[in-house]
Amino acid sequence: MSKPSLPQGTRDFSAETVHKRNYILSTIKQVFELYGFQPLETPAMENLETLMGKYGEEGDRLIFKILNNGLNDPKNTDKAKAGFEKVLEGKNSPLLTERALKYDLTIPFARYVAMNHGILTFPFKRYQIQPVWRADRPQKGRYREFTQCDADIVGSNALMNELDLTNIYHDVFNKLGLKEYTLKINNRKILLALAESCGGEHLLTDITIAIDKLDKIGIDKVKIELEQRGLNEAQIKSIETYLGINGTNAEKLISITQLLGVNDNAKNGIEELTWITQQSTTANIEIDFTLARGLNYYTGSIFEVKAPETVQMGSIGGGGRYDNLTELFGVAGIPGVGISFGVDRIFDVLEELNLFPANAQLGTQVIFFNLGESESLYAYSIMQDVRKNGISAELYHEPVKMDKQFKFADKKKISYAVILGSKEIEEKICLVKHLKTGIQESVTIDGLSDYLKNKISTE
RNA sequence: GUGGUUGUAGCUCAGUUGGUUAGAGCACCAGAUUGUGAUUCUGGGGGUCGUGGGUUCGAGCCCCAUCAUCCACCCCA
């Protein structure tokens, strides 16, 4: 047998990592619920048909497909071969694969809303935290299995929802200690107006894909890309002017009105942006007309969250408004707006800035040293009392040299050691040693739980 | 999907133009030390050199394949 290994792009999470991830996830969850969102979970797999064609050609290629069972049954041989022929042509075939792992949380959510729109109360606010899978080539900060963390409101056009979502970002990042984040905001209607002023709505996709890369490749290369996508010099010129707008939020709104204000779509978009930035009380919101976001289903406000500039990290969250997500599943007229947190990247940022609180990684708090068979049995009964008081405790599993027991405690980052030997038992006391400072105190056995509770809470 | 990088002990790595029985530091275990973490000393366990083929008298080293890794592109979180 060969050495055990993990599939490409997947990870095991150690206790420390799980504790830290849970700290992030429970913080987000708490805020979501505070804003009236309810949880939803959907299966790991969906029917392939549900997912295909929803993420563009590239996306279809990256969906993990699940091979049907029973293909080796002789009565299925012809079907399997026919299906295989189709796959060789680059097509999918239900003869071979009917199910796939979910690729994101949005499409399964849309499917859920389409299936249940009769019984849901609108506006429907749900959050969802689950793993998704993509058959992408892994690299820095990119995995084949990763956790998405979404909140959406469907069935309402009110801009109040956008305001709520920006405040959720603010609350979450403040609770996580990431006060220097930037929430970039733009409106797809303004981009649409830009496309129209350049010659037509059909240019929207090409323009958004190109300017979405501005951050990464610079203005010159964006111009080259626009040229390759078939735009002429005058069109590129006006896009460059658009991208050059800067200043405070208020100044940007004036500039954009001068540039595109005659266009109805632009007017709407600018109105929406103005309202959101005026109502929002946080200083972290920044209008950014270069923000485009690749996903084509966005139709109104779009968001993206940047980590503080001191850390080299792409976006740690994003979202936007869409008009007709459920139309794909035959239910029209349900608009929505949503946001997403990039949990893995937030993890890396908090790690780099050392923002995890010490209690985010707490394991065992107290260890009882094992000083012999009868002593340890006595210690065990005392330990049970300590556990009843909500303090996580363990007893060293065998009577070995204290040196070894100290090292064990050290490795497990346990804060306190309780020494309870024959001498102490006789005197009805025990010695409690704080392992970081080496300070040792004598405590009565009856008072041990209270002593530890007090110590741990004031640490 | 395209191009490149790396893979040797638990960890970090060395290993000469292919040549005896593959090394170091850290970690681990035991003893010096049978109730207080250090230091020091002594001894010890650990490797099918990612995997499978090939070339060769001989392969950790060369060739092919494969798996994993990291990086860039594409795309995206």
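By convention in this document, chain letters (A, B, ...) are assigned in the order of the sequence lines, proteins followed by strands, and residues within each chain are numbered from 1. Values below: every heavy atom of this structure, side chains too, minus hydrogens, waters and symmetry copies.
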side-chain contact (heavy atoms from CB on, under 4.5 Å) with A/I391: which of A/Q365, A/M383, A/K455? A/Q365
Please report, rounded to the nearest Å, how far the P atom of B/G37 is from the CG atom of A/L431. 14 Å
Which part of the nucleic acid, if any, lies within reach of A/Q405 when heavy atoms closer than 4.0 Å are counted: base, sugar-phosphate only, or nothing? nothing
Between B/U56 and B/U12, how far is it from one P atom to the other, in whole Å? 37 Å
Enter the distance from A/C198:SG to A/L226:CG here, rounded to the nearest 0.5 Å. 8.5 Å
So which atom in A/L95 and which in A/L71 form the shortest heavy-atom distance, rounded to 0.1 Å? O-CD2, 3.6 Å
Report which part of the nucleic acid A/T437 touches: base, sugar-phosphate, or nothing (heavy-atom distance under 4.0 Å, all strands). nothing
Euclidean distance, atom CD1 of residue A/I63 to atom P of B/C75 [Å, nearest integer]: 17 Å
Separation of B/U69 atom C1' from A/D136 atom CG, nearest Å, is 16 Å
Side-chain contact check for A/R61: nearest option of B/U36, B/G35, B/G1 is B/G1
Does A/G141 reach a base, just sugar-phosphate, or nothing at all? Heavy atoms under 4.0 Å. base
So what does A/T147 hit on the nucleic acid, given a heavy-atom distance under 4.0 Å: a base, only sugar-phosphate, or nothing? nothing
B/A30 phosphate, OP1 or OP2, under 4.0 Å from A/K404 side-chain N/O: yes
Mind checking who B/U40 pairs with, Watson-Crick or G-U wobble, both distances under 3.5 Å? B/A32
Assign A/G372 to base, sugar-phosphate, or nothing according to its heavy-atom contacts below 4.0 angstrom with the strands shown. nothing
Determine which nucleotide pairs with B/A27, using a 3.5 Å limit on both distances of a Watson-Crick or G-U wobble pair. none
In whole angstrom, give the distance that lies between atom CZ of A/R229 and atom C1' of B/C74. 11 Å
Round to the nearest Å and state the distance from A/L6 atom CG to B/C70 atom P. 11 Å
Any side-chain N or O of A/Q139 under 4.0 Å from OP1/OP2 of B/A72? yes
Please figure out whether A/D403 or A/L371 has its closest RNA chain B nucleotide nearer the 5' end. A/L371
In whole angstrom, give me the gap between the P atoms of B/G60 and B/A22. 9 Å
On a plain distance test, is the side chain of A/Q8 in donor-acceptor contact with the base of B/U69 below 3.5 Å? no
Under 4.0 Å between a Lys/Arg side-chain N and an Asp/Glu carboxylate O for A/K223 and A/E227? no
Contact check, side chains of A/K453 and A/V386, non-hydrogen atoms, under 4.5 Å: no
For B/U16 and B/G23, measure between their C1' atoms and round to the nearest Å. 14 Å
Gap in Å between the two C1' atoms, one belonging to B/C75 and one to B/G54, rounded: 39 Å
For B/A14 versus B/C76, give the span between their C1' atoms, rounded off to a whole number of Å. 40 Å
When both distances are under 3.5 Å in a Watson-Crick or G-U wobble arrangement, the nucleotide paired with B/C57 is B/G19
Is there side-chain contact between A/I334 and A/E327, with at least one heavy-atom pair below 4.5 Å? no
Is any side-chain N or O of A/R137 under 3.5 Å from a base N or O of B/C75, one able to act as donor and the other as acceptor? no
Sticking with atom P, work out how far B/G43 lies from B/C26, rounded to a whole angstrom. 15 Å
Between B/A68 (C1') and A/E145 (CD): distance, integer Å: 17 Å
A/D60 CG - B/C75 C1' separation (whole Å): 13 Å
In whole angstrom, give me the gap between the C1' atoms of B/G19 and B/C62. 15 Å
Have a look at A/Y143 and say if it touches a base, only the backbone sugar-phosphate, or nothing, with a 4.0 Å heavy-atom cut-off. base
B/G4 versus B/C74 - spacing of their C1' atoms, nearest Å: 15 Å
Are any non-hydrogen side-chain atoms of A/I367 and A/F408 less than 4.5 angstrom apart? yes
Under 4.0 Å from OP1 or OP2 of B/A72: is there any side-chain N or O of A/K140 that close? no
Once you measure the plane-to-plane angle for A/F406 and A/F369, does it fall in the parallel (<30°), tilted (30-60°) or perpendicular (>60°) bin? perpendicular
Give a yes/no on whether any side-chain N or O of A/K411 is located under 4.0 angstrom from OP1 or OP2 of B/A27. no
On RNA chain B, does the nearest nucleotide to A/I439 precede the nearest nucleotide to A/A135 from the 5' side, or the other way round? Give the residue. A/A135
Have a look at A/G317 and say if it touches a base, only the backbone sugar-phosphate, or nothing, with a 4.0 Å heavy-atom cut-off. nothing
Donor-acceptor pair present, A/E375 side chain and B/G35 base, under 3.5 Å: no
Whole angstrom value for the distance that separates P of B/G37 from OH of A/Y416: 19 Å
